[in-house]
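Order of appearance sets the numbers: ligands from 1, and atoms from 1 within every ligand.
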Amino acid sequence: MSTNTNNLPPVEALQALANQLFNALPEEAPKEVSFDPYEHPRATAFAKSITGEGVVPGVGVPVDEAWVQSGGPAPFAVSDPFNGIAAPPSATGLGASSSIASYGNTNTALPGAGEGNNYLPPGYEQTKSDQSTLNGGVPASVAGSGASPSYVHQQDNFSIKEPVTSFPDSNIDKPAGSKDIFALPYAGEQAYWSDVESILKLISISDAPSGISPLSPTADVHTPSFYFLQSREQPVQNGQLGGFTSGFDAYKIKRDFPILNEKVNGKSLVWLDNAATTQKPQLVIDRLSYFYRQENSNIHRAAHELAARATDAYEAARKKVQQFLGAKSPNEIIFVRGATEAINLVAQSWGDQYLKAGDEIIVSHLEHHANIVPWKRLADKKGLTLKVIPVDDDGQILLSEYAKLLSSNTKLVAFTQVSNALGTVTPAEQIVAMAHAAGAKVLVDGAQSVSHMPVNVQALDADWFVFSGHKVFGPTGIGVVYGKEALLNETEPWQGGGNMIQDVTFEKIQYHKAPNRFEAGTGNIADAVGLGAAIDYVTQLGMANINAYEHALLEYATYHLTQVPGVRLIGTAAHKASVLSFTLKGYSNDDVGKALNREGIAVRTGHHCAQPILRRMGVETTVRPSLAFYNTCEDVDRLISVLKGLVR
Ligand code: PLP
């Protein structure tokens, strides 16, 4: 039997008492007290504060003296049980990200952001290289943990026909900075929001351009704005990167990404292959691990605790995607494997159902194969015509030519917001508006845009918007189709099976509405949750900040790259994001890639799954460095110095 230092009843008796108390509390409260320190930390901390026992070696838990003296149970909220407790595990990376916490004022550093609070769950081995970036293994905003509100909802109202899928998540719904008494475990960490907000106020960034007025096809000339490439002049002035003066510290951010500490060929890794895939912050790695250790279950179809935790976590991720994209409802967010599967879904469901011989689909010349092949296959199958919006020699969409392609036969326009091969940012709002004016639906491929710029699908007014999780710092194997809710519900499912049906007989099948309608079978639950964590991460950095920093870095890289003798930059649009495709005279692209790899620098060489646009630019392949917010001028300098070494 356990003992305690306050001459109180045995721990087991207190535990039973506390469980009774919690069960009488509103449903958001933790429903059980466990003395496993990793299971329900908030409730455990509270219980241990009563008994005076230490929770975790080296972690102080305040004993509530007043309670002890009064001899009776204090209301749950008399003291914040996390007060004085070291930061929970994955403080680095999300809430207490070293990079975020240390912007500006180090006094605002978040609990646990410092070293020494190594609060590791059992079985989690902290490696030496982890130590600078990790404070442990449990993510901060763990939706769907022990205090699952949805579990309670499901228990009371569980319906096989209409399983609850939009669960309340206090971490998501509450306004930034507010503190719940009955928050989920670690919700106290959310206090970092106020720090981040006050720091971000110091950063002055102008707004993105509002776009060119709709239905004005003559507006091929882009209005200058802060994220247009300004000039080919030296972009570092007075020590500032392209005049970019905020406290955005890519070096600190880099520390949130363990893989960026890797050595390749004895050199520290420079990851410039971000258009192919992005690296993952510790927060995302921790979130996946936490899911498999404490939440793993199939979702929606069981009344047990782990099913509720997994369902909560999955549906919370859906809601995060909804907010990230500015969608109206989580019902508009369908989880798929990635952008490729997303486009195939639309082609094989809506396209197959609504398009008929003679109808026309328009794509742009910039498209990735993922936004060509599914449409070409559908066109061949159904007798549709595929038309292509041309680009100019810089790789910019020719809106005036696009206007000529549109007619009442146009049923769909599918185009990319950012070209993966050239980096061109397309005038998306105008392309959408022009398509709608012609009565066509529009699919926007956001695979290369969501990690570089703020996206709002309602402002964009796209009918569908797709992206891949792995290109926005989330896991592979997870992606998203956003679709307008009414449109999704008017569309036949593309795959059949479990999870997407309301009722099945051998005579008749009734489908669920979106999103379940399009999520047949067991989906990639854990990676959806990981994607939610990645969205938390970029949201906290701020997409506008990311965009401004990357733009300054792109200007820096463009200037220096074009100073290297023999470099031909492929893709010179005024409005670009992240990508610097080039060839180097006298060298094959493979040779350049290998020379860079010898110095630990990762770039992509090849056709980048965008053969039509490379051929339009007169090449079969290019070398393609691509930037993310964790890249620095030093990374670019290392790339340039290898190229200069080659041509010397
Ligand atoms: N669309 C664009 C513009 C891309 O760059 C990519 C991948 O590079 C895709 C679609 C396909 O993405 P995924 O391979 O993740 O499905």
**Student:** Side chains of His436 and Asp463: do they bring a donor and an acceptor to under 3.5 Å?
**Tutor:**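 Yes - a donor-acceptor pair under 3.5 Å links their side chains.
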**Student:** Does at least one non-hydrogen atom of His369 fall below 4.0 angstrom from an atom of ligand 1?
**Tutor:**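 Distance cut 4.0 Å: His369 fails for ligand 1.
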**Student:** Closer than 4.0 Å to some heavy atom of Thr416 - which atoms of ligand 1 meet that?
**Tutor:**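 Once the distances to Thr416 are compared, the set is 3 (C).
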**Student:** Could you tell me if Asp637 and Tyr556 have a donor-acceptor pair between their side chains, going purely by distance under 3.5 Å?
**Tutor:**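 On atom types as modelled, these side chains qualify, holding a pair under 3.5 Å.
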**Student:** Only heavy atoms of Ser468, strictly under 4.0 Å: list the atoms of ligand 1 that pass.
**Tutor:**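 The atoms of ligand 1 under 4.0 Å from a heavy atom of Ser468 are 12 (O), 13 (P), 15 (O), 16 (O).
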**Student:** How far is atom 4 (C) of ligand 1 from its nearest protein heavy atom, and which residue and atom is that?
**Tutor:**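 Going atom by atom, the protein heavy atom closest to atom 4 (C) of ligand 1 ends up being His368 CD2, 3.3 Å.
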**Student:** For ligand 1, is any non-hydrogen atom under 4.0 Å from Ala447's backbone (N, CA, C, O), its side chain (CB onward), both, or neither?
**Tutor:**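 For Ala447, only side-chain atoms sit under 4.0 Å from ligand 1.
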**Student:** Before accepting this row, confirm whether a basic side-chain N of the pair Asp590/Lys594 lies closer than 4.0 Å to the acidic partner's carboxylate O.
**Tutor:**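 Salt bridge flag = no for Lys594 with Asp590.
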**Student:** Taking NZ, NE, NH1 and NH2 as the nitrogens, is one of them in Glu634 or Lys254 under 4.0 Å from a carboxylate oxygen of the other?
**Tutor:**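 Salt bridge flag = no for Lys254 with Glu634.
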**Student:** Quick one about His608 and Thr622 (side-chain donor to acceptor, distance below 3.5 Å, no hydrogens or angles considered), yes or no?
**Tutor:**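 Present: a donor and an acceptor within the cut-off.
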**Student:** For ligand 1, which part of Lys471 has a heavy atom less than 4.0 Å away: the side chain, the backbone, both, or neither?
**Tutor:**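 Answer for Lys471: side chain.
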**Student:** Can you check ring-ring contact (aromatic ring centres under 6.0 Å, His included) on Phe415 and Tyr402, steps first, answer last?
**Tutor:** CA-CA 12 Å; Phe415 71 98; Tyr402 167 52; 7.8 Å; no
**Student:** Would you mind running through ligand 1 and noting each atom that sits below 4.0 Å from a heavy atom of His470?
**Tutor:**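 The list of qualifying atoms is 15 (O).
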**Student:** Which atoms of ligand 1 have any heavy atom of Gln448 under 4.0 Å away?
**Tutor:**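 Reading through ligand 1 atom by atom, the close ones are 3 (C), 4 (C), 5 (O), 8 (O).
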**Student:** Parallel, tilted or perpendicular: which describes the rings of Tyr314 and His300, with under 30° parallel and over 60° perpendicular?
**Tutor:**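 Judged by the thresholds at 30° and 60°, the geometry between Tyr314 and His300 is perpendicular.
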**Student:** Have a look at Thr340, Asp445, Asn420 and point out the one with the heavy atom closest to atom 2 (C) of ligand 1.
**Tutor:**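 Comparing heavy atoms across Thr340, Asp445, Asn420, the nearest one to atom 2 (C) of ligand 1 lies in Asp445.
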